[in-house]
Structures are given as structure tokens and as C-alpha cells.
Colleague: 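Let me give you the structure first, and then I'll get to my questions.
Each chain gets a letter, A, B and so on, in the order its sequence line appears, and its residues count up from 1. Note that the structure is a prediction, hence the values are computed from the model and not measured.
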2 protein chains.
Amino acid sequence: MATIRDVAKHAGVSVATVSRVINETGYVHEDTRKKVETAIKELHYTPNEVARSLYKRKSRLIGLLLPDIANPFFPELARGVEDEMQENDFRIIFGNSDEKSSKEQEYIQTFVQNNVVGMIASTNDPDTHAYRKLNIPVVFLDRTMDNRPSVYSDGYEGGRLAAQEIAARGSRNIAVIQGPERVRPAMDRFRGAAETLKDLDIAFQVIQSSSFGIAEAGVWAKEVFRKVPDTDGVIASNDIVAAAVLHEALRLGKKVPEDVQIIGFDDIPLSSLLTPPLTTIRQPAYEMGRAAARLLIQLIEKEALDNHTIQMPVTFTERDTTRKAEKND
Amino acid sequence: MATIRDVAKHAGVSVATVSRVINETGYVHEDTRKKVETAIKELHYTPNEVARSLYKRKSRLIGLLLPDIANPFFPELARGVEDEMQENDFRIIFGNSDEKSSKEQEYIQTFVQNNVVGMIASTNDPDTHAYRKLNIPVVFLDRTMDNRPSVYSDGYEGGRLAAQEIAARGSRNIAVIQGPERVRPAMDRFRGAAETLKDLDIAFQVIQSSSFGIAEAGVWAKEVFRKVPDTDGVIASNDIVAAAVLHEALRLGKKVPEDVQIIGFDDIPLSSLLTPPLTTIRQPAYEMGRAAARLLIQLIEKEALDNHTIQMPVTFTERDTTRKAEKND
DNA sequence: CCTCATTGTGGAACCGGTTACACATTTAAA
DNA sequence: TTTAAATGTGTAACCGGTTCCACAATGAGG
């Protein structure tokens, strides 16, 4: 690998001049620049980012920390982040936390050790010391904490919507699956749904699910029909669980949506490929990723910013696991 | 952030000694070591990986290049790579290539600029100059090229299995969906299936699909039943397309597997949640990721290695989009 | 008691960039 | 024509580690 000194020698100039050409800073005579540029081409020179990063004390790397890329909600987020970052010449160091704070700490540390300029994290505890003490900007994604830069969607509103729509379509004995307690958006959704159903005076029962994973989804699904065998409407904690519920319902010979309606959360890509296609509360995951990346870039480049928290809309995405609403208007 | 010089001063020793303590190299007196260790603790010192990487000309970073993390097959791979790397204290710089060689080049370049010690890539053209000229080890994942370190599964055998099993279960008018031409494993699968059906003397028709994406999957599915309306068996190019075919078949009022059998490829996590659950040719994606990471680590740490290419088994995973085979044994 | 290997430590060069500063030359203004 | 500003370039320090080498002290063997 050629170094800047090789280029300097080859072009008959000093390293400072080469640096000026590369970075387009300071004065460089047109002729000199040409010489340097040909030298760069001839030697196939590309600057060593590590050396650059050492002196500047900042790199073009950002850290991305997600709970689990294998959970279908996150790849979309990650892709959004990656696309936006890629377009702005930032690269991503990526890690899975499994929602474990030990792994989280470990990654945060190595991010810092690698001079990342910023970080995007989907964590349950944005308020922890580990984040507070960082002197690089951090954007919280999907999970949020007031007053910290974040991009998320309104879980409470999502829960409210789900409850309202499933009720409007006639379910009167609803099973609400509550996601993991430590996961903020899951709790918000649950609260939104539960409070709305209470307000509407509609009976519902709660099924606890302690994870979002595909592996256990089937368990929660069975649990639903064990605890509430005659349910006519299920609000699942996310689309994976909803898919499992749908699967279990059909297996039990129930008709969907005639006997039982099902609403999920997230709108993961495969939801529309289910049979029947899943009605869900959509979060614009890809756009959230992009927005988080944009926000982080702004924080990196400028200092202050008026709006640090971006709430993305959730939308009721009607497909075929719910009945058609009676139109009253 | 404290530096090694701060620690040295605080402990009353030289930076060389601190470095020896950190790296457990050379001679350090027990008492001195204690002093240094307390200084490190008191200052919350962690070594700057960038400085380290600059001098050593290698980091603890590896590059991971995948076509598209949003395609459900890849998160599992990525997770396998990440887990193995994480356990061995390597971090991952991650990029999506979208199968575009321009993006690929760009990432390879920045990986090198960041002193990565190795690279895992899922690319259509492992033989390209861009990879050949690298002086860091590269492991090719999912896609392969003879004689280059790689981890992949036997697409041809997968195709053969799919054809054999769907035939054994009675399909006689088969539609084979052919994946993108430039994607090696897709072509292998297709060849395996086509040649086997030919050998068995079973009629089949080919449907071209030029992508693996979720967005277009529905199009290929419709195409299948437009071109071969009376098909009684579909071998899809992957599980996403298979899911779309299943969806379309049910939409058209066909019974699965009674009227039409469907076999996918990959066994992505959601395949088992479909209704009916999808019969598929399984690739152990997570394990492939881990194996690739292990192989790369070996290449990084040792020099030579007897077995550079690892072929993972594909398995016929029988679920309910195929009929039960008549047992003859 | 002398010699030499082992142990212990520090100084300084080095990795490959960036940039402050000094200095020279050209251009423009007075 | 003089002077100041603008332009152009090189030297060397610096970023924060690692490691080579020199040197001192200690311990073992003869």
C-alpha cells in the first residue's frame, strides 16, 4: 500500500502539499495539483483512514447497536440507516445487544475505542450512564427517552388504533398480547390498547409474552387460545406473534377474520404474504432508519438543532385478518 | 479520554511499561504492574484502537459485505458471523452491495482504508480483481468460487432434492422458478432441479424471476399461474417467492398441497409460520455465518489451512405444502 | 568474587496521515 | 516604486499507541 510519502516523492513535492490536494485545503498551484493527482493515480494511492482518524480524533465510522438483526423488524431499520450513511460516506460498525446491557457496554466501549463519530442505538435504557458520559452524539432508534435525540413511532397511538379498529369491526372478547415488560414501545402499545378498550367498555384479557422472537412466538400463540378459547379478536405484540396467532387459529379450524380478527404491529415485509394477509399497525421502519441517520449526521456536523426527537406516524394497515368496518359516514 | 501517557504519568512509569502491562508482553515487576493497573482503573483508561491499528497495520475489524440485509435470508447469516466474531473480540464493518459491483468496490476500498484484518463477502464474482489483489484474507459466503476460501451450501443438490421429493409426492406438471441469472446458488438450484426432472422424465416449465426481493415476489407468483395454470407442483427459487406462490395459489382457490405442491429454498424463519407451513430445502444460514467467521479467524491467525472451502448440507424440510410421500420401504 | 543470563525499565523511533508555522514568490493597491 | 495581501510550498510536530534498543539491577554458577 502506498503512503502519502510515496506519493510526495513520486510527485516531487512535500507531504503537506499532497495532503492539501487530497483534502482540497489551502493553496495549491494548478500545475502542482496535476502532478500530485497523476502520482496518486499511478500509485493507486488511497489515504489511510486510520492515520487520519488518529490525528483528527474522529473517523468516518458510526456505531449501530440493535437488539437482534435476526428479528425481522430490524433489518429494515438497519437498511435505512445504512443507505443514508452510505450516501454520506459514513461506514457502520454493527453489533447485536440481545437487549443485554453487558453486550451493550462492550459495544459502546469498542465503538469509542474505534473513534466513531456518532452512534445509533436501539436500547431499553437510553438514560444509562454509559450513554450520558459519551461525548459523541447518540441517536436512539425505536426506543426513546425524553430529551435525548431519538426517532421512534408512537406506540401508544398504535395501541389505541389497534383497539379502536378491532372494536369497530365487532370484536367483543379481545385477547391482548403484552410484549416484554422492559421494552418501551411494547409497553406503550399495550397501554394504548388496554386503555382504549377500557374506555370503550370492551372486555379483554391479557396474555404475557416475554419476548419478540420467532422461536417463542408459537408458545404465546397457543397460550392465547388456551387462556381465551372463545376470543374473537387478538391484538398481538408484533407481527411475528400475530403470524403465529394466525397460524394457530387456522390450525384450530377457526376462520380468520370471520371467527377471530387479528391485528399485529410493525408491518414487517412478510406480513402481506401471509394468508390471509395480516392487518397491522405499520411503522415505517426503513424511513425511521434513514431519519435516524440523517439526524445523527446533523448532530455530527452542526452542534445544536431545534428538533431532536422525531416521531414517525403509525398507520392502520388494513388487510384481511380483520373484517370490513361498517361504514357509518 | 485518558491516553497511555496519562496513565504512565499517574503511575510514575514510562509508556513502554504501561504498554507491557496492557499487552502482557515482556518483563514487568509485580509491584509495577499493580501500580499501573490501579492507574488504569482510576483514569478509566481504555487503549485507543485507532493508534494501535495504525502502528500494527491491522485492526480488530473485519468487513462484512452482503447483498441486502433486508432480504430475510441474510440476517441469519449476519447474526452467525456477528456472534462468532463478537466472541473472538472482532468487530464488524457492515455494508450492503445490492449486488452492484460499484457499491462492492466502494466498500472493499473503505474496508482496506480502515485496516480491516479480513473480510466476509457474499458476492457474485469472487474472482474479480478487486478481491484477488487484496492482501487480507477473504471468505466468500453463500456464493463461492473454486479454490477460494468459502462457505456455502450445495445448490445443485438442493435443486435435485426439491425435484426428487416433489416428484415422489406425485407432481407431474411442475413449474420451476429460476432465480436471477447472475446469482450462482440460484443457478445451481435451478440446474439441479431441471436436470433431475429431465432424468425422471417429468414435464416442467420454467418461469424466469430476476430478483429475490419481497417486492417483486408477487409478480413471479402471478406469472407462474398465468403461464402454467394447471401446474400441480411449484419449485420456487427461494422461500420468499415460495410464500408469494403459496399466497397466490390460495387466492386462486387452489388447495395446497392437494391441488398444487410448493417447495421453497432456504428455510427462512417465517416459513414455518405460513399456513400451511412451507416445505423447503433448508440451508443452515446461522451456522454458515458462524462457519465463515471461524474460517476467517483461522486464516487471520494462522497462514495456511488444509480445508479452505466448507460445504454445508442442505436438507429437505418437510412441512405441509407437500403431500405425504407413499412409503415404499 | 567475577561473569553472564535473566529480569526490569525508560527513551525514542515509528505507523501515516494533518496542520501550524515559516518562508518565498507573485499580485494588487497605494 | 513601495508595501501589503494573496498565493504557494516545505519542515516538523502531533495524534496515541507499540516495540527496538540501551542500560541497570539482580541472581545463579563457577
Colleague: Taking the basic N atoms (NZ, or NE/NH1/NH2) and the acidic carboxylate oxygens, is any pair closer than 4.0 Å for A:Glu37 and A:Lys41?
Modeller: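 Salt bridge: no.
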
Colleague: Near DNA chain C, which residues from residues 26-35 of chain B have a heavy atom under 4.0 Å away?
Modeller: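 B:Tyr27, B:Val28, B:His29, B:Thr32, in order of number.
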
Colleague: Can you name the nearest heavy-atom pair linking B:Tyr152 to B:Asp142, along with the distance?
Modeller: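 Heavy atoms of B:Tyr152 and B:Asp142 come nearest at CB-O, 3.6 Å.
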
Colleague: Relative to B:Phe140, does B:Arg148 satisfy both conditions: NZ or CZ under 6.0 angstrom from the six-membered ring centre, and within 45 degrees of the ring's axis?
Modeller: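 Geometry flag: not set, cation outside 6.0 Å or 45°.
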
Colleague: Would you call A:Arg52 and A:Glu49 a salt bridge, using N to O less than 4.0 angstrom?
Modeller: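 A:Glu49 and A:Arg52: salt-bridged.
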
Colleague: Rounded to whole Å, how long is the line connecting atom CD of B:Gln113 with atom C1' of C:dG17?
Modeller: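 The distance from CD of B:Gln113 to C1' of C:dG17 comes to 12 Å, rounded to the nearest Å.
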
Colleague: Could you list all N or O pairs between the protein and nucleotides 16-22 of chain D that sit under 3.5 Å apart?
Modeller:
unit_1	atom_1	unit_2	atom_2	d
D:dG16	OP1	A:Arg57	NE	3.3
D:dG16	OP1	A:Arg57	NH2	3.3
D:dG16	N7	B:Arg5	NH2	3.2
D:dG16	N2	B:Ala51	O	3.4
D:dG17	OP1	B:Tyr45	OH	3.4
D:dG17	OP1	B:Asn48	N	3.4
D:dG17	OP2	B:Ile4	N	2.5
D:dG17	OP2	B:Tyr45	OH	3.4
D:dG17	O5'	B:Tyr45	OH	2.9
D:dG17	O5'	B:Asn48	N	3.3
D:dG17	N7	B:Arg5	NH2	2.6
D:dG17	O6	B:Arg5	NH2	3.2
D:dT18	OP1	B:Asn23	OD1	3.3
D:dT18	OP1	B:Asn23	ND2	3.1
D:dT18	OP1	B:Arg52	NE	2.7
D:dT18	OP1	B:Arg52	NH2	3.2
D:dT18	OP2	B:Ser19	OG	2.7
D:dT18	OP2	B:Asn23	ND2	3.3
D:dT19	O4'	B:Tyr55	OH	3.3

Colleague: Decide yes or no on side chain to side chain donor-acceptor pair (under 3.5 Å) for A:Asn48 and B:Gln113, but give the supporting numbers first.
Modeller: CA-CA 5 Å; A:Asn48 181 325; B:Gln113 287 181 309; over 6 Å; no

Colleague: For A:Asp125, is there an ion pair with A:Arg184 - N to carboxylate O distance below 4.0 angstrom?
Modeller: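 A:Asp125 and A:Arg184: not salt-bridged.
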
Colleague: Do the side-chain N and O atoms of A:Glu104 and A:Ser97 include a donor-acceptor pair separated by under 3.5 angstrom?
Modeller: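 No, no side-chain donor-acceptor contact under 3.5 Å.
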
Colleague: Do NZ/NE/NH1/NH2 and the carboxylate oxygens of B:Asp83 and B:Arg79 come within less than 4.0 Å?
Modeller: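 Counted as a salt bridge, because a side-chain N and a carboxylate O are separated by less than 4.0 Å.
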
